[in-house]
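Inspection log for the structure reproduced underneath, given as structure tokens.
Keep in mind the model is a prediction, meaning the values are calculated, not measured.
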Amino acid sequence: MASYLNRSSEQQNIPLLKNRKIYSLNSLIRKYPVNGFQDDDDNNNQQTNNGEGNLNKCLTVFDIISYGIGSTVGAGVFVSIGIAISSYAGPGTLLSFLFSAIACLISAFCYSEFSARIPASGSAYTFAYVSLGEYMGWFVGWNLTLEYAISASAVARGWVGYFSVIFSIFGAKTPQFIQGYQINDWININPIAPLIIVFCTIILVFGIKDSARFNMIITCINILTILFFIVLGSIYVKVENWTPFLPFGFDGVFNACSVVFFSYVGFDSVTTLAGEVKNPKRDLPIGVIGSLVIATSLYIGVTLVLSGMVNFREVSQGSPLSDAFIHNGLDMKWAAMIIAFGTLTSLTASTLCCLIGQPRIYLQMAKDGLFFKKFGELNKKQVPVFGILFTCGFASLLAIVLDLDNLTNMISIGTLLAFTCVCAGVVVMRYRNEDGSENGPIPSTLVLFVLFVVACVFGAASYNGWKIWIQIVLAVIQLALIILLCFKKQTLDKSTCNYFLCPLVPIIPCLGIIINTYFIMHLDSASFIRMAIWTVVGTIVYFVYSIRNSKLNNTNNNSYIN
């Protein structure tokens, strides 16, 4: 992107904006040029072999699917599935996984269009920058980096905690240094929690090729472990355990969606690898959608077998798969140990995938001038070492002092906001002309903003149990806004596109906005407080450093560039 902007300035004899008013509304809403990313992609293809400051484009579609599975099939299949079955939906949890997968697939379609069109490493940050403007891009990127760090810390805590399961299989007491030392309601010191983070960091520093091979190996082990459970467990399935299929009714199924939905959200980390994929236009959509399909199939298979082996009231919430083989009249400790080992490898893959995303978003932000230059540096192996080490230190600190419950309560709001922005961005890009204008009197951004606000109220109405007629009115307003967008003329010529396109625009993206907002409004207040504090810190950084160093300051058009 920098090469595009520099070349453009030289050709047009454009002076740097040293004297131009940087602190203005135009600076906040200026958009990044899609052409700039395409130009950078061409340069990367030409320069990959010389090792000069470009990411190594070596990943195949199998690597992408492997990373996608590693980032989604983790704690969801080994932990949260037990909570969903025992407390919310019983055997009907498989419907919860299916509905959640459909909801996540809607956002995945939008991610796939952007990742195929814009082969850069910034994921939702880049997509928001191109479509919604610089500050919204910064907002998304800044919050996503915290989400990745918290996710890595939470998985590391879960990884350490699962050793307690191994001790319990043999009836032994878990040592205190594994349980951690409780200081107060928030702080629980666990000195060994960062070990898995440091281990995965070492793998990442060796380069994307080596980390891809490592991830492929442990992902295969994870899948084999899950298939082992499904095949062996199916022998002990009792059909009567599936009755009643919906012990808590459909309300329980939808309540369980809130628990299992977050088993899928890690797929967005795959799009941060766009700068290292050989053929991103083809492979990224296949990787994103393919990994969701595979993960959903595994989740449904495990749900059927687990709820058939054990009555839903007796399913363990901490280690449901392992306990299924050592209770309920079975004493198969060897099988429980295999499951426990598979859980550790699965959580290792999840940690690795969490640590991959954050430094690559930092890298793209630094390239764009919005973050400190040190994060944009690559070593001889084309690895953002400084960003990786910084992420390791940040995530390790969180893992040492915060327990699993507090960490998991902090996850998801940033990711869901990123999903929402990407869905909105697809709609905006479909209606935008090359000069940044739109056809018709009502801008799509205004309609989408109103839709988001109404969706927030709708989610709050559902969460707080407002009168049904209020919820119906809000639903009708959302439908009317979608219909209004349907009558606007799209500017994209689909016949000339050689990349994946999200189907049924604007319907699919608008549904994504509504669904993601619905989940956001069902999060606890601590999530909103954390996001508000982190956003204030990020906004200070943006106005002190980013807005002054943005690469877009070098252009003669501060509102839209193409």
Fill in the blank from the handout: side-chain hydrogen bond (donor to acceptor under 3.5 Å, both in side chains) pairs touching residues 237-253, sequence neighbours excluded, are W242-S307
Practice task
Keeping to residues at least two apart or across chains, list the side-chain hydrogen bond (donor to acceptor under 3.5 Å, both in side chains) pairs with something in residues 88-104.
Solution key: none
Show which side-chain atoms of residues 510-517 pair as donor or acceptor with protein atoms under 3.5 Å away, not counting sequence neighbours.
from : atom 1 : to   : atom 2 : distance (Å)
N516 : ND2    : S107 : OG     : 3.1
N516 : ND2    : G512 : O      : 2.8
T517 : OG1    : I513 : O      : 2.6

Fill in the blank from the handout: For residues 461-483, the ring pair (Phe, Tyr, Trp, His ring centres under 6.0 Å) pairs (sequence neighbours left out) are Y463-H522
Practice task
Could you list all the salt bridge (charged side-chain N to carboxylate O under 4.0 Å, His left out) pairs where at least one residue sits in residues 161-172, not counting sequence neighbours?
Solution key: none
By ring-ring contact (aromatic ring centres under 6.0 Å, His included) - contacts of [X] (at least two apart):
X	result
W142	W138, W534
Y264	Y299
F139	none
F214	F199

Exercise for the section: Go through the structure and list residues passing salt bridge (charged side-chain N to carboxylate O under 4.0 Å, His left out) with R213, not counting sequence neighbours. Expected result: D210
Problem - side-chain hydrogen bond (donor to acceptor under 3.5 Å, both in side chains) involving S396 - partner list, sequence neighbours excluded - result: none
Pair up each side-chain donor or acceptor in residues 62-69 with any protein partner under 3.5 Å, not counting sequence neighbours, and list the distances.
from : atom 1 : to   : atom 2 : distance (Å)
D63  : OD2    : T60  : N      : 3.0
D63  : OD2    : T60  : OG1    : 3.2
S66  : OG     : N215 : ND2    : 2.8
S66  : OG     : T219 : OG1    : 3.4
Y67  : OH     : S211 : OG     : 3.1
Y67  : OH     : A212 : N      : 3.2

